[in-house]
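Each remark here refers to the structure printed beneath this line.
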Amino acid sequence: MQGVGMRVEQKDSYLRIWQTVLRIPRGRVASYGTIARLSGLPGQARLAGYALHNLPRGAGIPWHRVINAMGRISLPGARGTEQERILRKEGIPITGGRIDMVKYGWHSQSGKRAKK
DNA sequence: CTGGTGACCATTA
DNA sequence: TTAATGGCCACCA
């Protein structure tokens with residue numbers, strides 16, 4: 001987290017985003033925009049990315065299940081490589097650097113099928 | 001205040 | 001399909 005200057009409202013936004021990410025089931029992924037929308041922050045996908053960037057160390061947040069709207073990993077560098085590895089381990093295929101959002105995208109409905 | 005940056009996105013060409 | 005563009009907004013110098 002940041003300094004003491006962090007305001008209550010934005011901290012609340014971060015908490016909401018983290019809680020939403022926490023709801024993503026194993027074997028599914030969600031886009032930053034989806035996370036923002038489900039957190040009551042429509043159109044603020046960037047904030048979702050920012051909140052994840054500021055994740056507290058060691059929190060049990062499945063940050064790796066959040067990717068961009070095109071089914072690609074946005075996190076650059078070694079962290080991105082790690083994310084790809086974890087997702088594969090959870091059973092999500094990544095072909096050509098992409099994930100099939102139609103099959104593996106999460107839409108907050110537990111009843112929906114992962115496959116057609 | 002202003003300007004730059006970023007784990008973004010929808011639209012348009 | 002990719003690339004450019006404008007919008008979005010917290011954060012920082």
Side-chain angles (χ1 to χ4, degrees):
Chain A
M1 288 302 240
Q2 244 58 325
V4 286
M6 174 175 265
R7 273 171 276 187
V8 176
E9 293 102 32
Q10 60 204 49
K11 181 170 159 189
D12 182 64
S13 295
Y14 284 11
L15 288 176
R16 283 202 207 180
I17 289 166
W18 294 338
Q19 286 173 4
T20 303
V21 173
L22 215 43
R23 293 174 50 207
I24 308 175
R26 188 192 178 100
R28 295 288 190 91
V29 293
S31 73
Y32 297 93
T34 298
I35 295 301
R37 181 168 47 80
L38 294 177
S39 301
L41 304 164
Q44 299 192 53
R46 279 197 125 113
L47 185 58
Y50 223 98
L52 290 180
H53 186 81
N54 280 303
L55 261 183
R57 283 279 230 157
I61 310 289
W63 55 270
H64 53 275
R65 306 212 258 246
V66 186
I67 59 179
N68 68 30
M70 299 190 309
R72 289 180 160 281
I73 289 176
S74 289
L75 186 50
R79 302 277 278 156
T81 304
E82 181 188 1
Q83 180 175 13
E84 183 174 334
R85 178 177 54 77
I86 298 174
L87 287 177
R88 283 224 174 86
K89 193 171 72 172
E90 293 196 344
I92 299 175
I94 304 175
T95 59
R98 285 207 220 121
I99 294 171
D100 191 333
M101 294 299 280
V102 178
K103 289 181 183 174
Y104 301 97
W106 177 63
H107 304 279
S108 175
Q109 304 285 321
S110 57
K112 294 240 173 180
R113 302 297 175 292
K115 200 164 180 176
K116 179 180 73 80

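Chain identifiers are assigned alphabetically (A, B, ...) following the order of the sequence lines, protein sequences preceding nucleic acid strands; residue numbering begins at 1 within each chain.
The CD1 atom of A:Ile67 sits 7.5 Å away from the CD1 atom of A:Ile92 when rounded to the nearest 0.5 Å. Within the model, atoms CZ of A:Arg72 and CD1 of A:Ile94 stand 11.0 Å from one another, a figure rounded to the nearest 0.5 Å. Rounded to the nearest 0.5 angstrom, A:His107 NE2 and A:Met101 CE are separated by 7.0 Å.
Rounded to whole Å, atom P of C:dG7 lies 24 Å from atom OH of A:Tyr32. Between A:Leu75 atom CG and B:dC8 atom P the separation is 9 Å, expressed in whole Å. Rounded to a whole Å, the CG atom of A:Asn54 is 9 Å from the C1' atom of C:dC11. Here B:dC9 presents its P atom at 13 Å from CG of A:Leu47, a figure rounded to the nearest Å. The separation between A:His53 atom NE2 and B:dT5 atom C1' is 11 Å, rounded to whole Å. Regarding A:Arg72, its CZ atom lies at a distance of 6 Å from the P atom of C:dT2, rounded to whole Å. Counting to the nearest Å, the P atom of C:dG6 and the CZ atom of A:Arg46 are 14 Å from each other. In this structure, A:Tyr14 atom OH and C:dC11 atom C1' are separated by 7 Å, rounded to whole Å.
At the heavy-atom level, A:Arg98 lies under 4.0 Å from the strands shown only through sugar-phosphate atoms. Within the 4.0 angstrom heavy-atom criterion, base atoms lie near A:Leu52.
In this structure, A:Tyr32 and A:Leu52 have side chains that are in contact, with non-hydrogen atoms separated by less than 4.5 Å. A:Tyr104 places none of its side-chain heavy atoms less than 4.5 Å from the side chain of A:Glu90.
Contacts between residues 63-71 of chain A and DNA chain B, defined by a heavy-atom separation under 4.0 Å, are made by A:Trp63, A:Asn68, A:Ala69.
Straight-line distance between the P atoms of C:dG6 and B:dA7: roughly 22 Å, to the nearest whole Å.
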inquiry  = A:Leu22 vs A:Ile61, test: side chain to side chain contact (heavy atoms under 4.5 Å, CB included). Steps then yes/no.
reply    = CA-CA 6 Å; A:Leu22 215 43; A:Ile61 310 289; 4.0 Å; yes

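A side-chain donor-acceptor contact under 3.5 Å links A:Gln83 to the backbone of A:Val66. Side-chain N or O atoms of A:Trp18 include none that pairs as donor or acceptor with a backbone N or O of A:Leu55 at under 3.5 Å. Checked by atom type and distance alone, the side chain of A:Arg65 pairs as donor or acceptor with a backbone atom of A:Ile24 at under 3.5 Å.
When base pairs are accepted only as Watson-Crick or G-U wobble with both N-N or N-O distances under 3.5 Å, DNA chain B takes part in stems of 3 or more pairs at B:2-6 with C:9-13, B:8-13 with C:2-7.
Here C:dA10 is the nucleotide among C:dT2, C:dA10, B:dC8 with the atom lying nearest to any side-chain atom of A:Tyr50.
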